[in-house]
Amino acid sequence: MKKVSVSFTLNGDPVTAEVPVTWSLLKTLREYFELTGAKEGCGVGECGACTVIVDGDAVNACLYPVFEAEGKSVMTIEGIAGEDGTLHPIQTAFLENNGVQCGYCTSGMIMSAKALLDQNQGPMEDEIRTSIAGNFCRCTGYVQIVEAIEMAAREME
Ligand code: FES
Ligand code: FES
């Protein structure tokens with residue numbers, strides 16, 4: 001398989017990956033960089049489990065060709081806690097509001113929430129719901145997740 005060399009910023013660090021040209025960003029993150037926080041659920045852009053942030057926007061990494069990441073800034077769930085391990089306020093809010101059950105959707109949910117709160121410090125409930133409209137959760141019923149994002153917004157103000 002023909003390979004491609006892709007250089008980008010990953011959680012603040014410059015990186016280069018040499019991977020098959022057909023690989024997605026998700027496959028590259030999980031199998032080349034061994035960052036397994038972003039999950040593969042559907043693999044076709046429906047569930048949001050694979051959500052990461054590219055240049056400030058939440059994207060479905062399963063659909064994102066890795067070569068499109070050239071020169072961009074990619075952030076994953078592994079990159080949002082403090083260097084000393086202190087959880088990001090969104091992570092803390094998910095824990096405190098029972099926004100995590102099985103956890104499969106959680107990294108994608110948190111990255112969608114982070115993309116929203118980085119751009120909008122005082123979101124209305126409908127804006128929160130819209131921001132996670134592409135993220136499916138089979139466990140929580142979403143109420144706790146919305147409450148968690150509302151709490152995180154207050155904490156981050
Ligand atoms: S795995 Fe990417 S949207 Fe479902
Ligand atoms: S916590 Fe299980 S899918 Fe959301």
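Ligands are counted one by one from 1 in listed order, and the atoms in each one are counted from 1 as well. The model shown is predicted, which means the values in this text are computed figures rather than measured ones.
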How many N, O or S atoms of the protein are nearer than 2.8 Å to atom 2 (Fe) of ligand 1?
2
Could you please spell out the steps behind the side chain to side chain contact (heavy atoms under 4.5 Å, CB included) verdict for Y64 and K72?
CA-CA 12 Å; Y64 200 96; K72 295 182 177 168; 3.1 Å; yes
Would you list the atom pairs, donor with acceptor, under 3.5 Å between side chains in residues 35-53 and any protein atom, with sequence neighbours excluded?
from : atom 1 : to   : atom 2 : distance (Å)
K39  : NZ     : T36  : O      : 2.8
K39  : NZ     : G37  : O      : 3.2
T51  : OG1    : G48  : O      : 2.6
T51  : OG1    : N135 : ND2    : 3.4

Any donor-acceptor pair under 3.5 Å linking the side chain of E34 with the backbone of R30?
no
One checks atom 4 (Fe) of ligand 2 and counts protein N, O or S atoms under 2.8 Å, reaching 2
Just distance, no hydrogens or angles: give the donor-acceptor pairs under 3.5 Å from side chains in residues 136-157, sequence neighbours left out.
from : atom 1 : to   : atom 2 : distance (Å)
T140 : OG1    : Y142 : N      : 3.0
Y142 : OH     : C137 : N      : 2.9
Y142 : OH     : C137 : O      : 3.4

Do K2 and P20 have side-chain heavy atoms sitting under 4.5 Å apart?
no
For the side chain of Q119 and the backbone of G56, is there at least one donor-acceptor N/O pair under 3.5 Å apart?
yes
Within the 4.5 Å heavy-atom criterion, are V4 and V19 side-chain neighbours or not?
yes
Counting only N and O atoms by type, is there a donor-acceptor contact under 3.5 Å from the side chain of N60 to the main-chain atoms of C62?
no
With a 4.5 Å limit on heavy-atom distance, are the side chains of Q91 and I110 in contact?
yes
